[in-house]
**Q** 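I have a structure here, written as structure tokens, and I will follow up with some questions on it.
Atoms within each ligand, like the ligands themselves, are counted from 1 in listed order. Bear in mind the structure is a predicted one, so any value in this text is a computation, not a measurement.
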Amino acid sequence: MINGNLKLAVQKSGRLTEKSMQLLRTCGLDIENYSDRLIVSARNFDLDLLFLRDDDIPEYVQDGVADIGIVGENVAVEKEADVEIIKKLGYGKCRLVIAVPEEKNIMNLDELNGKRIATSYPKILSNFFGNNKIDAKIIQINGSVEIAPSLGIADYICDIVSTGNTLKLNKLKKFTNVFDSEAVLICNKNIEQDSEKFMKLKNLIARIESALNARTSKYLMMNIPKTALAQIREILPALKSPTILPLADETMLAVHAVIPSDMFWQIQDDLHEAGASGLLLIPIENMIL
Ligand code: ATP
Ligand code: ZN
């Protein structure tokens with residue numbers, strides 16, 4: 001489709017699909033139902049979405065079939081495509097770890113020397129071995145890596161975990177981290193040459209940043225006794241000065257502030273103790289700093 005639209009590749013169906021679509025919607029993009037189509041356009045932005053297997057996305061972005069793409073950093077790095085990673089997106093978090101049979105007592109990295117390690121990530125693993133001066137044999141397997149030790153085709157494995165349940169089911173335990181991953185936005189290296197597309201990309205990135213800022217912040221509202229103002233200001237994170245409003249009861253004030261989402265539960269006891277009441281914590285849809 002040659003129409004000057006920005007072309008964004010996303011995973012067709014998998015762990016990143018739903019969250020990627022959610023992020024784009026939070027960015028204000030109105031996207032048609034995408035259930036079984038390869039390409040859909042946004043109704044209110046010059047953007048076409050291409051739905052692809054995640055493994056193909058880095059190469060398609062490198063070759064310019066898509067201008068940008070969303071993939072796990074693990075895939076972006078493993079495929080060694082010549083693309084730029086422009087933004088971490090904060091979801092799809094997982095870890096590539098080396099795991100060993102539960103009964104193995106291994107303590108040091110150099111105990112991996114001479115072992116056979118099964119993985120679907122030979123490039124990342126071989127970089128890790130190179131950096132740590134380990135001489136082990138990498139056995140490449142696509143899928144179901146965790147059964148390799150019980151089949152006798154490898155001693156240990158290097159695979160993605162998020163909860164560790166699959167490891168447990170296969171009587172394996174984590175030995176060491178190899179790579180931390182999350183979804184990333186990747187970009188074709190020549191995009192700047194098409195100035196119109198580049199403008200569209202900058203606009204999209206600004207929207208993504210605003211959506212990500214909003215995700216990590218909440219809007220806190222509360223009432224406090226006037227006399228507690230100094231103490232309350234000390235408890236609140238000093239991101240920006242809070243908004244302070246008079247109330248009908250002249251001994252009281254309303255205080256509003258943007259705070260990091262994960263901070264609320266740490267400061268709420270202190271706020272109560274200082275006399276705050278009627279605490280309201282509200283999600284923020286977008287935040288432009
Ligand atoms: P495709 O059919 O597109 O090739 P896939 O099976 O290779 O899909 P998924 O399992 O959907 O891929 O995972 C997509 C990405 O999600 C991974 O590359 C990784 O970055 C991330 N991810 C997050 N948590 C996990 C997990 N527990 N296991 C595997 N991948 C995870
Ligand atoms: Zn895949």
**Q** Given the rule that I, L, V, M, F, W and Y join up when any side-chain heavy atoms are under 4.5 Å apart, are Y121 and V145 in one cluster?
**A**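 No.
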**Q** Has the side chain of S120 got a donor or acceptor atom that lies under 3.5 Å from a matching backbone atom of I141?
**A**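 Answer holds: yes.
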**Q** Are any side-chain N or O atoms of D63 and backbone N or O atoms of V65, one a donor and one an acceptor, separated by less than 3.5 Å?
**A**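 No.
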**Q** Are the side chain of T26 and the backbone N or O of A211 linked by a donor-acceptor pair below 3.5 Å?
**A**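 It does not hold such a pair.
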**Q** Distance-only, no hydrogens or angles: does the N170 side chain make a donor-acceptor pair with backbone N or O of T166 under 3.5 Å?
**A**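 Confirmed, N170 side chain pairs with T166 backbone.
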**Q** Give me the nearest non-hydrogen protein atom to atom 7 (O) of ligand 1 as residue plus atom name, then the distance to 0.1 Å.
**A**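 The closest heavy atom on the protein side is D54 OD1, 3.3 Å.
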**Q** Considering just N/O/S atoms, say which atom of D55 is closest to the Zn ion (ligand 2).
**A**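 Of all N, O or S atoms belonging to D55, OD1 is the one nearest the Zn ion (ligand 2).
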**Q** For atom 6 (O) of ligand 1, what is the nearest protein heavy atom, given as residue, atom name and distance?
**A**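 Sorting protein heavy atoms by distance from atom 6 (O) of ligand 1 puts Q11 NE2, 4.9 Å first.
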**Q** If I consider every N, O or S atom in D54, which one ends up closest to the Zn ion (ligand 2)? I only need its name.
**A**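 For D54, the N, O or S atom at the smallest distance from the Zn ion (ligand 2) is OD1.
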**Q** For atom 10 (O) of ligand 1, find the nearest protein heavy atom and state the residue, atom name and distance (0.1 Å precision).
**A**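 Residue, atom and distance for the closest contact: R15 NE, 3.0 Å.
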**Q** Which atoms from ligand 1 have a heavy atom of R53 less than 4.0 Å away?
**A**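 What qualifies from ligand 1 is 1 (P), 2 (O), 3 (O), 4 (O).
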**Q** Judging by distance only, is a nitrogen or oxygen of N74 under 3.5 angstrom from one on ligand 1?
**A**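 The answer is yes, given that N74 and ligand 1 share an N or O pair closer than 3.5 Å.
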**Q** Among pairs that include at least one residue of residues 109-125, which meet salt bridge (charged side-chain N to carboxylate O under 4.0 Å, His left out), considering only residues two or more places apart or in two chains?
**A**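 Non-adjacent pairs meeting salt bridge (charged side-chain N to carboxylate O under 4.0 Å, His left out): E80-K123, R116-D155.
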**Q** Students should be able to answer this: which protein heavy-atom is nearest to atom 24 (N) of ligand 1, and at what distance?
**A**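 Going atom by atom, the protein heavy atom closest to atom 24 (N) of ligand 1 ends up being C94 CB, 3.6 Å.
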**Q** Should we say atom CD of E59 is surrounded by more than 12 heavy atoms from elsewhere, each under 6.0 Å from it?
**A**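 No, because the 6.0 Å sphere around CD of E59 holds 12 heavy atoms or fewer from other groups.
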**Q** Counting from 1, what ligand 1 atoms have a heavy atom of V75 closer than 4.0 Å?
**A**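 The atoms of ligand 1 under 4.0 Å from a heavy atom of V75 are 18 (O).
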**Q** In this structure, are over 12 heavy atoms from other groups packed under 6.0 Å from Y60 atom OH?
**A**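 Check fails, neighbour count at 12 or below.
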**Q** Under the 3.5 angstrom rule, does the side chain of N203 hit a backbone N or O of M199 as a donor-acceptor pair?
**A**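 Judged by distance alone, no pair lies under 3.5 Å.
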**Q** Which atoms of ligand 1 sit under 4.0 Å from any heavy atom of L16?
**A**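 Heavy-atom distances to L16 below 4.0 Å select 15 (C), 16 (O).
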**Q** Purely on distance, is any nitrogen or oxygen of Y121 under 3.5 Å from one on ligand 1?
**A**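 By distance alone, the answer is no.
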**Q** Show which atoms of ligand 1 fall inside a sub-4.0 Å distance from at least one heavy-atom site of G72.
**A**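 Those atoms are 20 (O).
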**Q** Give the numbers and elements of all ligand 1 atoms closer than 4.0 Å to a heavy atom of G92.
**A**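 By the 4.0 Å cutoff, the relevant atoms are 21 (C), 23 (C).
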**Q** Going by the atom numbers of ligand 1, which of them fall below 4.0 Å from some non-hydrogen atom of G14?
**A**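 What qualifies from ligand 1 is 11 (O).
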**Q** Applying a 4.0 Å heavy-atom criterion (strictly less than), which segment of V71 is in contact with ligand 1: side chain, backbone, both, or neither?
**A**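 For V71, there is no contact with ligand 1 at all, from either part.
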**Q** Just to confirm my output: which protein heavy-atom neighbour is closest to atom 27 (N) of ligand 1, and how far is it?
**A**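 So the nearest neighbour among protein heavy atoms is S162 OG, 2.7 Å.
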**Q** For H256, which residues count as a side chain to side chain contact (heavy atoms under 4.5 Å, CB included) partner, sequence neighbours excluded?
**A**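 Residues passing side chain to side chain contact (heavy atoms under 4.5 Å, CB included) with H256: Y219, M221, T243, L245, A254.
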